[in-house]
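So the structure is just underneath, and the comments pick up after that.
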Amino acid sequence: SKDSAGLCVRFQTSSGTVHVKWEVTGGLAMPHMPATGVSGVDLYAKTDTGWRFVGNGRPHAQANEATFGPGAAPELCLFLPLYNGTSSVQIGVPEGETVTAAPVRGKPVVFYGTSITHGGCASRPGTAYPAILGRMLDRPVINFGFSGNGRMEAALGVLLAEVDTAVYVLDCLPNLKPEEVTERVEPFVIPLRAARPDTPIVVMENIAYQAGTFLHAPRS
């Protein structure tokens, strides 16, 4: 819950060069996830045809620096580390250039789920699926993905109902047993619907795991 997954900094600048300093609070990598995703930052630039990837700031210590050359762009977005806490972020441009906040967009999309929603095991912060959808929809994203959790406890439904959102996306099945689906999903959704009667609620199915049984059709 203390990780910066889903957090980003959207800004505009007159400079074609951006320098970023950031500091994380924990270890840089995990055995199954690279440091670029756990502790790195991603810069994206907005274009006439959507967002494009500019570069990844690769971490080497808890305090890091990276320089990006996005060129002229109407808006930039810096995605923060997925599986680490971020204690500070600084954005710098050459003297004489300006940096301002990007315009406010619409209501956010709220994602609630497991480590998959959290961002595991994306190679970069901008490639976690909530971040991808946020760019596609051009909306803010709130990432309530909790590694090892996201089990539709009733208290979380009460908390989610406090958020004025464009849509709720519930992606909890990877960490729920079949009997827990029966016990928890409906009691979770009904109070949420009562609190937000006009807000869409998307309940996602599970994914096919890379270690799952592989079935192939016989050759004809």
Side-chain angles (χ1 to χ4, degrees), residues 1-25 36-59 63-113 117-119 122-145 160 162-169 171 199-200 202:
S1 65
K2 295 181 180 180
D3 293 345
S4 50
L7 297 182
C8 66
V9 181
R10 294 173 48 250
F11 61 100
Q12 296 173 318
T13 178
S14 60
S15 174
T17 302
V18 174
H19 190 72
V20 176
K21 293 182 179 181
W22 76 102
E23 188 169 346
V24 295
T25 60
T36 49
V38 173
S39 306
V41 296
D42 267 358
L43 186 67
Y44 279 75
K46 196 171 187 179
T47 71
D48 293 338
T49 57
W51 291 88
R52 66 173 177 85
F53 173 63
V54 175
N56 174 257
R58 299 182 178 185
N64 302 277
E65 298 183 23
T67 300
F68 303 94
E75 185 178 327
L76 297 171
C77 183
L78 183 73
F79 291 92
L80 302 189
L82 292 171
Y83 264 72
N84 216 328
T86 304
S87 58
S88 68
V89 179
Q90 299 178 63
I91 298 173
V93 296
E95 187 175 358
E97 304 290 352
T98 61
V99 176
T100 57
V104 177
R105 297 178 289 179
K107 292 182 181 181
V109 177
V110 169
F111 294 87
Y112 169 56
T117 306
H118 189 149
S123 60
R124 298 187 286 102
T127 58
Y129 88 79
I132 294 173
L133 289 174
R135 292 193 301 274
M136 291 175 61
L137 300 173
D138 198 27
R139 281 187 177 272
V141 164
I142 298 176
N143 187 330
F144 289 135
L160 290 184
E162 296 179 4
V163 184
D164 185 14
T165 178
V167 57
Y168 293 104
V169 180
D171 186 13
T199 303
V202 178

If you look at every heavy atom in [X] and [Y], which pair is closest and at what distance?
| X | Y | value |
| --- | --- | --- |
| R10 | R105 | CD-NH2, 3.0 Å |
| G126 | A131 | O-CB, 3.8 Å |
| F68 | G57 | CZ-N, 3.7 Å |
| P103 | E75 | CD-OE1, 4.4 Å |
| A166 | T199 | O-CG2, 3.9 Å |
| T117 | D171 | OG1-OD2, 3.3 Å |

- request: Hey, can you tell me if Y83 and H118 have their rings parallel, tilted or perpendicular (30° and 60° cut-offs)?
  value: parallel
Answer yes or no: is there a side-chain heavy-atom contact under 4.5 Å between [X] and [Y]?
| X | Y | value |
| --- | --- | --- |
| I142 | T165 | no |
| L82 | D3 | no |
| L133 | V141 | no |
| L43 | P70 | yes |
| V41 | P125 | no |

Give, for atom [atom1] of [X] and atom [atom2] of [Y], the distance between the pair rounded to the nearest 0.5 Å.
| X | Y | atom1 | atom2 | answer |
| --- | --- | --- | --- | --- |
| L78 | C8 | CG | SG | 8.5 Å |
| N143 | F111 | CG | CZ | 8.0 Å |
| F53 | R135 | CZ | CZ | 9.5 Å |
| R124 | D42 | CZ | CG | 4.5 Å |
| T100 | F11 | OG1 | CZ | 9.5 Å |

[X] (side chain) donor-acceptor with [Y] (main chain) under 3.5 angstrom:
| X | Y | value |
| --- | --- | --- |
| R58 | G40 | no |
| T25 | S87 | no |
| T98 | T13 | no |
| S4 | P81 | yes |
| Q12 | A102 | no |

field: Output field: ring centroids Y112/Y168 closer than 6.0 Å
entry: no
Output a table of donor-acceptor pairs, distance under 3.5 Å, between side-chain atoms of residues 15-23 and any protein atom two or more places apart or on a different chain; print 'none' if there are none.
residue : atom : partner : partner atom : Å
S15     : OG   : T17     : N            : 3.0
S15     : OG   : T17     : O            : 2.6
H19     : ND1  : A66     : O            : 3.4
H19     : ND1  : T67     : OG1          : 2.7
H19     : NE2  : E65     : OE1          : 3.1
W22     : NE1  : S39     : O            : 2.9

